[in-house]
Each structure stands twice: as structure tokens, then as C-alpha cells.
Amino acid sequence: MRHLLSTRDLSRDEAIAILDVAEDMADVAHREVRKLPALRGKTVVNLFFEDSTRTRISFEAAAKRLSADVINFSAKGSSVSKGESLKDTAQTLAAIGADAVVIRHGASGAPRVLANSDWIDAAIVNAGDGTHEHPTQALLDAFTIRRRLHGADSRGHDLDGVSVAIVGDILHSRVARSNAWLLTTLGASITFVAPATLLPIGIENWPVEVRYDLDIALAAKPDVVMMLRIQGERMHAAFFPSAREYSRIWGLDDERLAMLAADSIVMHPGPMNRGLEISAAAADSPRSTVREQVANGVSIRMAVLYLTLSGEGGKQ
Amino acid sequence: MTETILVRAVTLADGTSSDILVRDGRIAELGRAIFASADRLIDGAGLIALPGLVDLHTHLREPGFEQSETIFSGSRAAAIGGFTAVHAMANTSPVADTAGVVEQVMSLGDRHGYVTVRPIGAVTRGLEGQHLSEIGAMANSRAKVRVFSDDGKCVSDALLMRRALEYVKTFGGVIAQHAQEPRLTEGAQMNESTLSGELGLAGWPAVAEEAIIARDVLLAKHVGARLHVCHLSTAGSVEVVRWAKARGIDVTAEVTPHHLLLTEQLAANYDSRYKVNPPLRRDEDVRAVREGLADGTIDIIATDHAPHPVEAKDCEWEAAAFGMVGLESALSVVQASVVDTGLLDWADIARVFSKTPAAIGQLAGYAQGIAVGAPASFTLYDPSVSRVFEATQLRGKGVNSPYLSTTLPGRIMATFHRGYATVLDGELVDAETVAAAARAHDQAGAGRG
């Protein structure tokens, strides 16, 4: 694997291979010395044009557990905030000798532009670009679902027959996009649940079902309910009238939590707005995978850095 | 003394073969085997002679944005593309909203001499959409401005648009509207479609164009004014204009070469060379604008030549500027999209890319095309060649062409502006020679007058 830009680029076998390597990486976390020498001498740059402490520290922990050298480059307070271009920043990182660039950027497609450019030839890992994709989030979600279903025997399994409801601001969510491609590639069926204002035009051409009504979607007893963070500023742009109305119609409250099948799980990419899209009881219930998702994120990012930097995946 | 030029055995737009004799800046004679002495003899075998192309929509960037283009560099890009006249959009700095700016733009064009530069005046002061600019002063200036546009921005306020249509009518002009409802296109990056949703790029919906065109044709009808629609890009817009024309509303419409050839699919890799406003649309829109051009719903082709410095495109999509250069490639793209596909013939091209845009811009000398007595502004085009289009074929300052490394048909071999050559043997005539020829033409004209 040369880069990881989009889950849409992954075949079923490639996706399972990443999840399986992540299983190996997860085992490292239980050793006395939680460190592998795999990427010794490699330099990983976390290039974050948007603040995201959670994703950055997850990548940082992943790179360090593989013995890579890590440089954190935050655009805030750097030359970037004084108007330096993506091109100049990339060329600077190339000159420093970065082997991999983990990029978080507010502009959709920025990682793809970097990968297609001749500015830098490092491996590019998309850590979230605009409203486009967040592939490592989807991979860690798939990993988490697989572990809940298959436990220690997860290796080699896909998600055939698993039903997933993704609820909330689909329009602006890179998590929803990456999951739509990845989970369907792995055999799961996806239902998006949102008001029409928060669904993209042309959604009928996506490989997903769409429902406006959360209660009808939950009545189908999905195996997985994934709640997306809702951002308060959306209501100012008339996507919905008020947080209270949104919460009442599309929030996972205690009553809806009680409707779920006994073995279904509740996911959230974080950070959560407790009491808005998800109730405290739902977030803290045994169904909730929120903390597992964070732990699994490190394993997935280890796998992705390992596969892009060790050369094992070959050229794409 | 101006040159006498004899073009032998060229094919005219109507398909007939003819010689063309140019003397004193005008077409002196047409016909087979003209017997005359000439300073310059050109073999027209295999070439099509088209009347000089007239672009109603060009961004020359001067004054103010000379790092992108100047009147000189843009004039050269136009000449190598077969143009003999361009209309320079008003979104310069300062904005072309006073007589002083438009006269300056016109005289710089005259001095360089490659093409006639007709300034377009801003509809509103500073393109701010608040107050009418000094339309009367610009219309009555030496530049005799007849086309007014806030292009780049839409005159979105309905009352202001109504007043502009009425006021311009007073001076025999026309409003060229950039149809883009601003609220529906806040932050817009590409055509709103399934693809924009997948790419996570904010959508520029077709309805934002169609709703403004629908409103404007109704306003034009109400006040009895002329309306010109810039760079129409959607199937729905074609339908609205067709509806308006069927009701006798005085509306004309233009389409760009890139909207005749390219689709939104090109945005898939976030290559910002394909970022343009209005955005590239769907296949069915491309088909609809081609058909609209063929059936006369769309009156003209105009380039919307929009040069930008390299750094404005060498970046992520959302940070990139809108626009593409188009003068140098225009006729080749038109050939590929509507001539080679059998929708239009070369006589149609002469109409939609020379005669009618000149009529809309009230530019004299183009009504008859290549005819005895008419000013000798024409271009010789070889439609049989095929070439890989490269940056080396661009003559303006901008290299933001969407066609680089693609194969395009045809090549301009010579261009004549008012009787003197601006392009010969497929290459620009040098600036001093062209400027001297332009001065000689003007002095001869003054002497005769």
C-alpha cells in the first residue's frame, strides 16, 4: 500500500488484510514492552491543518509503538497560518526527509492532491480531509465491529450480513463517507438516518438505504447504531431548527436505547455531545464501544503506517 | 502604406473555394484565380477561412492583475486563437466602472494592435451590487461601451437588475448577466451532484443558475429590455432560454468551449485546473448545451478566458481560483465538440463565434463576414491536423488550461486584423511589426476620413 487516501480505493481483501495486521498490532499492547522495532529510522510527520488532538495522539502513539520518529506539525501558529501554501509545506517536509505524512486538512481532497503532486514522495495517510473521508476512522470502526462479533477469532472475517445504521449529519461527515464505502465493501448493509437537509444530493445513487425516521430504522433491529457528532453551528445555517428538536427526533435517547436488540452495539467517533445526539446512558452502556474505538484506533493506525512504510504492501 | 495580401484557394465557411485579396485593410476581391500583384502570397490549400473570431467574454486582468494577464499578453493569446476582437470583462482593479478606465483599456488594446479590445463596463459600482455604475458616461466615452456586466458576480438584487436593464436600454446597451444566485452557492466548489456528495465538495446547484435566468428573462420582458446570459451551463438553463425566446423575449445566451466539451467527472481527482465558475456539469448538460447551440437557443460561443498565476492553481481544490484559459484552444475545442460531431458546420461557427457576438456587442465590421468591402479581419484554420495541446502553445500569461497533454484537432495558421497579419505560419507576428501595422492602419483611416 503506497498511500491511504480513501476507503473507496480498498478491495475487500486489502481491507481485511489491514484489519488482520491491526489484530497483530493489538497484541503488542498487551506485552510488557509495548513497542516493535518495525519502523526504526523512519520519520512520520503528523501534519495537522485542523485541530484534532484525539486523532493526532492516536497516530503519534501508533508511530511510536512502531519505533518511528514522530514530528508533529500543527498549522496553528506556524508559517502555514501566515499564508504558506500546501506545496511549500510539503516541500519543506520532503527536505526534512519525511517518510510518511499523516495529513488532516480542512479542504476535501488535500491528501489526494499531495499524493498526486511531485512536491513530496512520502507515503500519504489521510487523517481526515474536509467533508470527504476519514479512512482510518472507518477501519477502526470495522475492526471494532468485527471484534464484537468474532472476538479473538476475528482474523480473516469480513462483515457479511451485518446491518449498520449511521445517524446524523451525513452531509458534512467524512466518517459517514468512509464507512459507507468500507463497510459495504466488507459486506455490511448501511442505512443512513438523517433529516433531508443533512443528506447529500444524489444520495439515492450511493450503495446505502436512506431513512428520515430513526424509530423506523431502529425497529429493523440493526446490529450497529453509529451516532455522528452534530455541530451546533449547523442550526444557524438552517439545517435544522434547534438542538432540542434535533435531539428529540434523531438523538439516541434512553427510550430508543431500550428498543435495540440485546446484542447490538452503539458507536460514536467522538467527541460526543452528550444529551444532544446521544444520551449519557447510551454512551456509558455496555453496548457502547466508544472507548474500544479509541484503543482500536491505535492498532489500526499502527497497521496502516506499517503497511505503507514497510513496503510489504507493495506499490499501488 | 498597408500590405496587399493574396490568399490562394482557401475554403470559405460555406464550403466554396476562393481566393481572398486584401488591400488597404479591406477585402478587395473574392473569387477563383484572382489576378493581382500582392506583397504577400499565402497558399490556402487545406485551410478554412473564417471571419475573425469575436469573444464576448474575456478576462484581460489589466489594470490591477498584471501578474495574471495584461492587455498585451491577452491580445496575443487571442490572435493565436484566431480572434480579431475581444470584450474585456470589468472585474479589474480599479473596476471598469468609469469612463477613464474603459478608455484606458481600449487605447492599450489599440496600441498593441493584435485585436480590437472592447471594454465591458461594470453594472454596479465596484461590482458591489449596491449602486449603478456610471453607465451613461461609459456609453458616451470614446470606448462607446455597449455591454455591461458584473461578471464574476451576479446582479442578484432583483430591483437593481430591473433598474439596470431599464437604464442600459436608454443607451442602447445590454446587460450580460453572470447568473448565480449567491445564497444557493455559498462556498460552492463544483456542480452539485452525486459526485460532489462523494467528493465532499460543496455543491453549486444548477437551480442557482436557472432561477436567476428565469427571473431575468421575466424582468427583461416586463421592462422591454435586452438581456444577455453569460456562460450558460445547464440543461435547465437551455430550457428556460428556449421558453423565453418562444415568447419573444429579447434574450441572447452564450456557452463556453469548456462547457461544450468537459464534464464534472474531471473533478474526481481534485485537479484544480478543472475548477471553473460556473462549474463543469453532467454529461446530459453537455449534450443539452450542444443541442441548444445547434438549434439557435444559445446564440454564441464565448471563451470566459480566465488566466491565473501558477500559485492560484498549484494547491488544494478549495483554495484554488476559479477559471481556465481558453483563447488559444477555443476553436480546436469547438471543432472537437460540435463540428466533428456533426452538430454545426463552419458557416454556423462563423455565425456563433464572429457575426452574432459582434452584433450583441455592437461591434461594426462583422455583419457580412468575409465579403468584398468588409474590413479584412479573418483567420485561416487547418482543421485536418491533430496535436497534443501543451503549455508551449499558450501565448497568454496563464497556463491554467484544462487541455494540457490532451489531443485536440485543428490549428490556427494565420490571422489578419483589419488587413494586417497578427499570425503567420502558425506563429504570432512580432509585437513591433503588429503595432506599426496598427498605427499605419489608423493613420490611413484618419487620412481617408
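When reading the values below, keep in mind they use all heavy atoms of this one structure, side chains included, and skip hydrogens, waters and symmetry mates.
Here A:Arg177 is the residue among A:Arg112, A:Glu204, A:Arg177, A:His105 with the most heavy-atom pairs under 4.5 Å with chain B. Contacts with chain B were tallied for A:Pro200, A:Gly106, A:Gly109; A:Gly109 has the most, counting heavy-atom pairs under 4.5 Å. Taking A:Ala107, A:Ala110, A:Ser108, A:Ser117 one by one and counting their heavy-atom pairs under 4.5 Å with chain B, the maximum is reached by A:Ser108.
Within 6.0 Å of atom CG in B:Leu266, more than 12 heavy atoms from other residues, nucleotides or ligands are found, so the atom counts as buried in its surroundings.
For chain B, the nearby part of A:Arg8 is the side chain; its heavy atoms alone come within less than 4.5 Å. Within the 4.5 angstrom heavy-atom criterion, atoms from both the backbone and the side chain of B:Glu198 approach chain A. In this structure, chain B has no heavy atom under 4.5 Å from any part of A:His172.
Side-chain contact check for B:Cys315 versus A:Leu86: every heavy-atom pair is 4.5 Å or farther apart.
When atom types are taken as modelled, the side chain of B:Glu316 and the backbone of A:Val113 share no donor-acceptor pair closer than 3.5 angstrom.
Rounding to the nearest 0.5 Å gives a distance of 10.5 Å between CD1 of A:Ile201 and CG of B:Asn191. Taken from CG in A:Asn116 to CG in B:Asn269, the straight-line distance is 5.5 Å, to the nearest 0.5 Å. Atoms OH and CG, from B:Tyr270 and A:Asp129 in turn, are 6.0 Å apart once rounded to the nearest 0.5 Å.
Taking 4.0 Å as the cut-off between side-chain N and carboxylate O, B:Glu311 and A:Lys87 do not count as a salt-bridged pair.
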Would you check, one step at a time, whether the test side chain to side chain contact (heavy atoms under 4.5 Å, CB included) holds for B:Thr194 with A:Trp206?
-> CA-CA 8 Å; B:Thr194 302; A:Trp206 293 38; 3.9 Å; yes
